[in-house]
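Okay, here's the structure, questions in a sec.
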Amino acid sequence: MNAQPTPDRPSPQDRPARLTVGVVGAGRVGPALAASLQLAGHRPVAVSGVSDASLRRAAEILPGVPVVPPAEVLARAELVLLTVPDDVLPGLVAGLAETGAVRPGQLLAHTSGRHGAAVLDPATRAGALPLALHPAMTFTGTPVDVQRLAGCSFGVTAPEELRLAAEALVIEMGGEPEWIDEAARPLYHAALAIGANHLVTLVAQAMELLSAAGVGNPSRMLGPLLGAALDNALRSGDAALTGPVARGDAGTVAAHVTELRRHAPQAVAGYLAMARTTADRALAHGLLKPELAEDLLGVLADEANAAGGTGGAGGPGGTNGPDGTAGSGPVDGGEQ
């Protein structure tokens, strides 16, 4: 690991190692978190993983840390990070509890965005101390992830008596704790999926369309534009909306859909859904004039009907919900 200490994360020699750390699921997230805890003075002692990619990742980010089965990770570590996909987590926790792998007093932290602390109930009944620590960050599975954790927000959920411990671990990883109520976890995760996962889809699709239009370097063209759009959106929210939908240029929108049907029909449904959502928000915030909105919404409705109603324009704000995220196997967790 070549990550260097920062003022917020003193070097290990300045702080005594307090916890032995294990990772169940050497996907993109777990090794980076364990390496970050190592910078704070904790000691990674075991990691589990089964695929060639996970084994390479563990060797690169946690050199010298032995790869062992999940039950052995729990046997060796005082703090165990369960970094497996959301849908795998409940079964993994139940299995570990049923086989007696969980020890009383052991800190058990998962990194799922969807789940709070309740998913760890089987382990809690066995005496574990449950923590939900979800980094709101995308991971590459390389050492650069450790540096990116500096200033990263974590969605934190835990019993009140463990709140300080959970927040302290996040701070030691260089992150910023944000308390999320148990009942709000699915909504919190949906918000992140819309903002981050769908952003990747939109950007990749935009690059494909630019390539089809003859642009030689789509990423260079999009970089400054998307950077400015993101900065404006974070600063100003809906007030940053621009473009033909926010202006009410119904003819331009219709031309867009015509070209997409010709060159990229798979992009039509997404374009219509996002255009309708954008129109609704622009209208609600006074950016789209009502007299222009009528023609625009009529175009969107007509195009959606022509596409078989797949555009999500059946009513105000009618858009498709966020897709779920895919993961890997039960002990080779990917990013959450």
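Predicted model, so just to flag it, every value in this text is computed and none were measured. Position 1 is the first residue of the sequence; numbering continues from there.
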Inset, instruction - Quick one: name the residues clustered hydrophobically with L234, using the 4.5 Å side-chain heavy-atom rule over I, L, V, M, F, W, Y, and just say none if it's on its own. - result: L230

Legend entry - Contacts of type side-chain hydrogen bond (donor to acceptor under 3.5 Å, both in side chains), residue S219, not counting sequence neighbours: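 Here the qualifying residues are N217.
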
Inset, instruction - Output all residues satisfying side chain to side chain contact (heavy atoms under 4.5 Å, CB included) with L192, sequence neighbours left out; order by chain, then residue number. - result: H134, A136, Y188

Inset, instruction - Keeping the roles fixed (side chain from E303, backbone from L272), state whether a donor-acceptor pair exists under 3.5 Å. - result: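 Side chain of E303 to backbone of L272: no pair is present.
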
Legend entry - Contacts of type side-chain hydrogen bond (donor to acceptor under 3.5 Å, both in side chains), residue R56, not counting sequence neighbours: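 R56: no side-chain hydrogen bond (donor to acceptor under 3.5 Å, both in side chains) contacts found.
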
Legend entry - Partner residues of V45 under the side chain to side chain contact (heavy atoms under 4.5 Å, CB included) criterion, sequence neighbours left out: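 Scan of V45 (side chain to side chain contact (heavy atoms under 4.5 Å, CB included), adjacent residues dropped) gives T20, R43, R76, A77.
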
Inset, instruction - Taking all heavy atoms of S48 and all of G25, pick out the closest pair and write down the distance. - result: OG-N, 3.1 Å

Inset, instruction - With the side chain counted from C-beta on, respond yes when L37 and P44 share a heavy-atom pair under 4.5 Å apart, and no when they do not. - result: no

Inset, instruction - Mind checking salt bridge (Lys or Arg N to Asp or Glu O under 4.0 Å) for E78 and listing every partner two or more places apart, or none if nothing turns up? - result: none

Legend entry - Qualifying side-chain hydrogen bond (donor to acceptor under 3.5 Å, both in side chains) pairs, either residue in residues 283-295, two or more places apart: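 Listed once each, the pairs are D238-H285.
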
Legend entry - Side-chain (D145) to main-chain (T140) donor-acceptor, under 3.5 angstrom: yes

Legend entry - Residue pairs passing the side-chain hydrogen bond (donor to acceptor under 3.5 Å, both in side chains) test where at least one lies in residues 94-109, sequence neighbours excluded: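 Listed by first then second residue: nothing to list.
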
Inset, instruction - Using a 4.5 Å cut-off on heavy atoms from C-beta on, say whether the side chain of R276 contacts that of L297. - result: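 Yes. Closest side-chain heavy atoms under 4.5 Å.
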
Inset, instruction - Check for a donor-acceptor pair, side chain of E60 on one end and backbone N or O of T142 on the other, with a separation under 3.5 Å. - result: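 Checking the backbone N and O of T142 against the side chain of E60, no donor-acceptor pair under 3.5 Å is found.
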
Inset, instruction - Decide, yes or no, whether a salt bridge links R262 with E259 under the criterion of side-chain N to carboxylate O below 4.0 Å. - result: yes

Run the side-chain donor-acceptor check on residues 153-170: report pairs under 3.5 Å with partners two or more places apart or on a different chain.
| from | atom 1 | to | atom 2 | distance (Å) |
| --- | --- | --- | --- | --- |
| T157 | OG1 | I180 | O | 2.6 |
| T157 | OG1 | R185 | NH1 | 2.8 |
| R163 | NE | E167 | OE2 | 3.1 |

Inset, instruction - If a pair satisfies salt bridge (Lys or Arg N to Asp or Glu O under 4.0 Å) and one of its residues is in residues 206-235, list it, with sequence neighbours excluded. - result: D231-R235

Legend entry - side chain to side chain contact (heavy atoms under 4.5 Å, CB included) partners for A282, two or more places apart: L241, A246, L287, L288

Legend entry - Residues that, via side-chain heavy atoms closer than 4.5 angstrom, fall in one hydrophobic cluster with L199: V203, M207, L210, V215, M221, L222, L225, L226

